[in-house]
Amino acid sequence: MTATTLTAPAAAAPPAERTLPLKTRLQRAERRKKLLHLALIAPLAVFLLLTFLWPIGALLKRSVDNPEVVGGLPATAAALAHWNGQGLPPASALAIFVKEMEGARGSTELASAAKRLNTEMTGYRSLIMKTARSLPLPDGSNLQEGLAAIDPRWSETRTWQVMARAGQPYTSYYLLAALDHAVDADGAIVAATEDQAIYLDVLGRTFWMSLVVTLCCLVLGFPLAYLLTSLPTRSSNLLMILVLLPFWTSILVRVASWIVLLQSGGLVNQALQALGLIDEPLQLVFNRLGVYIAMTHILLPFMILPLYSVMKGISPIYLRAAQSLGCPPFQSFWKVYFPQTLPGVFAGSLLVFILSMGYYITPALLGGPQEQMASYFIAFYTNETINWGMAAALSTVLLGATLLLYVVYSRYAGQGRNATKAR
Amino acid sequence: MAAQSGSTGQEAHVTFTRVQKTYDGETLIVRDLNLEIRRGEFLTLLGPSGSGKTTCLMMLAGFETPTSGEIRVGGTVINKVPPHRRNIGMVFQNYALFPHMTVAENLRFPLSVRKLPAADIDAKVKRALVMVRLEAFGNRYPQQLSGGQQQRIALARALVFEPELVLMDEPLGALDKQLREHMQIEIKHLHDSLGITFVFVTHDQGEALTMSDRIAVFDRGEIQQIDSAECLYEEPANAFVAGFIGESNTLQGTLLERNGDACAIRLPSGAVVQARAADVGAVGSSAVVSVRPERIVLNGASAGCENRFSAKVKELIYQGDHVRVQLDLGNQSSLMVKAPISQLSHELRPEQPIEVGIPAAHLRALAPTPSA
Ligand SMILES: Nc1ncnc2c1ncn2[C@@H]1O[C@H](COP(=O)(O)OP(=O)(O)OP(=O)(O)O)[C@@H](O)[C@H]1O
Ligand SMILES: [Mg+2]
């Protein structure tokens, strides 16, 4: 097809056409094909855009969104944006503030603005409420003095600086908070106080637990995947069905059954006691061990499948070749077979790791407070305190960490692929 | 080491004694193998697909264990020696070059496993690359080489640790015809210069005839004949070998009488032919006579032949240096003749009657192949 479209015009076309560079003619011939391909993927692209990219983008935007003060006191926020931050704001800005406060008195917008300001500076909420109640100022009085008379804090630069900062449409507050940092009154980034610093801990725990689960899956999944490739077709098909069995049941059912199995009066403890291996029931659930057991079980297929697909492509002849060259069987496996499975090892580990990082239900049901991962806090902020900013910021940090991991992986995998090019 | 001996000795290097092999406990893939491989020779195992060639080779390499019987290398029984201790070089059909290692790393592998000093390893790897004329390719990955180049590297890898015995299982099967013929010569030259024992498996008889000192013809798990190329072609021991190696015409008949080397066979048409008795049963038993197409003479040249027939030309195929003539002998039997252009004094046409002669010396009487 392509050959004819390429050569036919060259033979029949007028000389001008024929003098076109070959590259141009190739591009022309390919253009139609490209358009067709674009048309074919367009529905998917639109679908992804509407159901995936757009909602995620919107959520991520919330992590830097700062709508409360801008919503509650829009004119003031705009006026303060022009203030240089030295001394007190100019009288024009103060006038706008006083007028807006009078108008907004008692509105929910003002309440949420006050609440937002309070997160930056303790006591700001009552200051706003008190001020709103005390307005209007007596006619003809000096604005600056009038405000100072309501509360002396209005004559402090810092009070206005905080409002100016909180009045910006975007803020780094939530993202910094998700990393246990905050902006202090002078605008410098400082570490959060000890009683507020919990998120880095949570992130570290999320990483660590994901890593342990990934390693468990790898250690358990690798031999199983190898077994799957070396068994005769019939038995390997059966085994594959068993591997995929977990996919057939709901994750909740599986978690619940782990509770039944692992609890102190559960099957596992009873069996161990009956065998005389233990005297006291082991604490297998509602702690980290239980989370590891259940997550490993649930995520194991995601490790086995990529490993299996890579291993299936590796001919057993390589092992024979290594042995014929004088390498003992185990060493042959390690030096010749294992390196060829690395793409599968990395793909499976990445998949399991990324899935673990976002795990919510299993740690929530099977773990204690010390096992809750980042997703728990995201759910907490969305469902319970309705703090979208914090929820979005934690999601952003999680997404950022995942993307970073993926970039590292694709770097490595890219290098690996160059090495074993066109396998 | 054998490397110095150069020429083919008569000393046995490998012996298979009463070796049997079955995979499923029902059918014997190798029935009763008695084979002596001489030190320094190039032995080819030739046979149709499924005849057990690879199985034999795998038993020698240690990847399959004989069900019964003994395999000795240099006098010691190796039935229980694991493959990695046999020190046998092996070239696999698809080369089995390790894809995650460069060419040089592939060659280095058997040497570093043997814990040789690094300087020795480098020198040997370099020498091996020179030997297969791929000095410049050490840093490439196997996938970046052409089929023929991969083949040569596989060969170099099997030779780099200086084994005394090298096994090759259809190593040229994946190459195109021209490259295959080139590699045949190259492998042959390597064998001549190294003087080590090569065991080569193929089902391409042209390849076997080109390369081998001796050829073992396999069929259904048994060696039918083991001999030099010339003997196999000119003096096939039985009807299977006659039919398998090269082209031959066979005619059915019964043994009429036998007088030492000579015998007389009656064909179904009633005609009696004189033949050489190679592998015939008792008088009265059925036999086949076999003759190579180029040994049949036509027209005037047939005057002095012991066996003469009248036939009709059925078909002519012009082949450049010779003409293939399909002859109808009547009675539904036919002969195929390869006649050099120079021998045909005048033009032949289909349906033309013709005189055919078969010299008794080239007509071999054999027992028919037992039907499977
Ligand atoms: N691992 C095995 N298990 C069971 N049967 C086998 C096995 N390997 C080979 N066979 C059978 O043994 C017979 C001989 O196989 P083998 O591979 O030795 O033939 P071959 O002469 O090398 O044929 P080819 O020229 O096609 O390679 C075949 O019928 C095959 O089906
Ligand atoms: Mg074979």
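Residue numbers start from 1 in every chain, and the chains themselves are labelled A, B, ... in the order their sequence lines are given, proteins ahead of strands.
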Legend entry - Any side-chain donor near an acceptor of the partner, B/Glu207 and B/Thr202, under 3.5 Å: yes
Legend entry - Donor on one side chain, acceptor on other, A/Ser210 and A/Ser356, under 3.5 Å: no
Legend entry - Under 4.5 Å from a heavy atom of chain A, the part of B/Arg114 involved: side chain
Inset, instruction - Could you verify whether a donor N or O on one side chain and an acceptor N or O on the other, from B/Glu70 and B/Thr17, lie under 3.5 Å apart? - result: no
Legend entry - Which portion of A/Ser315 sits near chain B, non-hydrogen atoms under 4.5 angstrom: neither
Inset, instruction - Look at B/Leu97, B/Thr102, B/Val160 and state which one has the largest set of heavy-atom pairs under 4.5 Å with chain A. - result: B/Leu97
Legend entry - Aromatic B/Phe98 / basic B/Arg157 pairing, under 6.0 angstrom, 45° off normal: yes
Legend entry - chain A contact via B/Phe63 - which portion, at a heavy-atom distance below 4.5 Å: both
